[in-house]
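Small disclaimer: the values here were computed from a predicted structure and weren't measured.
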Amino acid sequence: MQKKRYRTFNEQLRERFGGKIVKISLDAGFTCPNRDGTLGIGGCVYCSERGSGDYAGDQRLSIPDQFIAVKERMKNKWPSAQYIAYFQAHTNTYAAVKRLREVYEEALAEENVVGLSISTRPDCLPEDVLDYLEELNRRTYLWVELGLQSIHSKTMEWIGRGHDYAQFLKGLEQLQARGIRVCAHIILGLPGETKAEMVETAQAVAQLPLQGIKIHLLHVLRGTPLATIYQNVPFDLLTKEEYVSLVVDILEILPPEVVIHRLTGDGPPDDLLGPLWSRKKWEVLNAIDAELERRDSWQGKFAKQASIKCRR
């Protein structure tokens, strides 16, 4: 297999565990302060009813039953894989520690599970939760995924994020102080943002003590507030060429040791209103590889030589 010009999550996992690791997406039935009325109702403007857990297990099932069901769908492709239990849907630290402990420990007890990935918000990290995450980090391979999306206040307000960049920095600092790996999420194509502003977000992220990043394309999904806006007052969506160029611009400024967890996402085909070209995910990934090759470029080519430790 040809080595990528950026540091993939798959590469990092193979280095650590010596084989294929598959993420099993789970839905523990958590909600979000942006849905339950604490900060807002309905979630961020782009968020689906399943809170970004559209491909996760069925929350009506127990964690062990979800795990088995999702694993069954993957075992033919990767029969000898080990697993990371991925708590993906909604805000996965937004509950009492007793409840968090129940679901996380159930997942860790499954056969061949080598770690956890927990997706959450930076404003949902109280001290007792941080204490438990620190305990987990000592016992297993742990990633905490923090949603940022943009550093720009006007964008954060428009999407109804419910927290600002300063709160993201505080959450990151709390996790890093406890030695926990953090993967930040950013979104390209948010309405009202220029390409320069998208790159500014990436430049800011590149200077932070992060171990990983997920780059998402904005998807307009049926049933979301964003879909209503788009259908009533259509706004421009990124073209495939624009997206590929932006992603490569961003890879060039990210430190070479930062792990790239994702370069684009999957919108449920039946719910995706746009961009429709994003349905062909492998074509997008191949186009990113081709653009890196065309430029004779790679992750970190223009990164500042900052000392950022990447915990493995």
**OP:** Kindly indicate, with the supporting measurements, whether the criterion salt bridge (Lys or Arg N to Asp or Glu O under 4.0 Å) is fulfilled by Asp249 and Arg295.
**Re:** CA-CA 10 Å; Asp249 289 345; Arg295 297 187 191 184; 2.8 Å; yes
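- Side-chain N or O atoms of Glu252 include none that pairs as donor or acceptor with a backbone N or O of Phe302 at under 3.5 Å.
- Applying the salt bridge (charged side-chain N to carboxylate O under 4.0 Å, His left out) test to every pair with at least one member in residues 182-208, sequence neighbours left out, gives these pairs: Lys154-Glu197, Lys195-Glu242.
- Interatomic distance, Glu134 CD to Leu175 CG, rounded to the nearest 0.5 Å: 10.5 Å.
- For Gln299 (side chain) and Val258 (main-chain N/O), a donor-acceptor pair under 3.5 Å exists by modelled atom type.
- A donor-acceptor contact shorter than 3.5 Å is absent between the side chain of Asn76 and the backbone of Arg73.
- Taking a cutoff of 4.0 Å between a charged side-chain nitrogen and a carboxylate oxygen, Asp296 and Arg5 qualify as a salt bridge.
- Shown here is Lys20, whose NZ atom has more than 12 heavy atoms of other residues, nucleotides or ligands within 6.0 Å.
- Taking the charged nitrogens against the carboxylate oxygens, Lys170 and Asp164 have no contact shorter than 4.0 Å, which rules out a salt bridge.
- Surrounding CD of Glu173 are at most 12 heavy atoms belonging to other residues, nucleotides or ligands under 6.0 Å away.
- Applying the ring-ring contact (aromatic ring centres under 6.0 Å, His included) criterion to His163, with sequence neighbours excluded, gives no partner residue.
- Annotation: the span from Gln12 atom CD to Glu257 atom CD amounts to 12.0 Å, rounded to 0.5 Å.
- Between the side chain of Thr140 and the backbone N or O of Leu142, no donor-acceptor pair lies under 3.5 Å.
- For Thr264, the side chain to side chain contact (heavy atoms under 4.5 Å, CB included) criterion is met by Leu217, Tyr243, Lys281, Val284, Leu285, not counting sequence neighbours.
- Between Asp36 and Tyr94, the side chains place a donor N or O and an acceptor N or O closer than 3.5 Å (distance only, hydrogens not considered).
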**OP:** Determine, stepwise, if the pair Phe30 / Phe87 fulfils ring pair (Phe, Tyr, Trp, His ring centres under 6.0 Å).
**Re:** CA-CA 10 Å; Phe30 297 124; Phe87 287 89; 7.2 Å; no
Please tabulate, for the side chains in residues 225-234, all donor-acceptor contacts under 3.5 angstrom to protein atoms that are two or more places apart in sequence or on a different chain.
{"from": "Asn232", "atom 1": "ND2", "to": "Thr228", "atom 2": "O", "distance (Å)": "3.2"}

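- A salt bridge links Glu127 with Arg178; the closest basic N to acidic carboxylate O contact falls under 4.0 Å.
- For the residue pair Gln211 and Gln176, a side-chain donor N or O sits within less than 3.5 Å of a side-chain acceptor on the partner.
- Taking 4.5 Å as the limit, every side-chain heavy atom of Leu251 sits out of range of all side-chain heavy atoms of Trp298.
- Between the SG atom in Cys44 and the CZ atom in Arg121 there is a gap of 6.0 Å [rounded to 0.5 Å].
- Salt-bridge annotation for Glu135 and Arg139: present, with a side-chain N of the basic residue lying under 4.0 Å from a carboxylate O of the acidic one.
- Counting heavy atoms from C-beta outward, Val182 and Trp143 have side chains that stay 4.5 Å or more apart.
- Using bins of under 30°, 30° to 60° and over 60° for the plane-to-plane angle, the ring pair Tyr165/Phe168 lands in the parallel bin.
- Checked by atom type and distance alone, the side chain of Asn92 never pairs as donor or acceptor with a backbone atom of Ile118 at under 3.5 Å.
- Applying the salt bridge (charged side-chain N to carboxylate O under 4.0 Å, His left out) definition to pairs two or more places apart or across chains, none involves residues 221-231.
- Taking the charged nitrogens against the carboxylate oxygens, Glu110 and Lys71 have no contact shorter than 4.0 Å, which rules out a salt bridge.
- Thr93 contributes a side-chain N or O that, together with a main-chain N or O of Cys124, makes up a donor-acceptor pair within less than 3.5 Å.
- In this structure, the side chain to side chain contact (heavy atoms under 4.5 Å, CB included) partners of Lys214, at least two apart in sequence or on a different chain, are Lys23, Tyr86, Glu145, Cys183, His185, His216, His261, Arg262.
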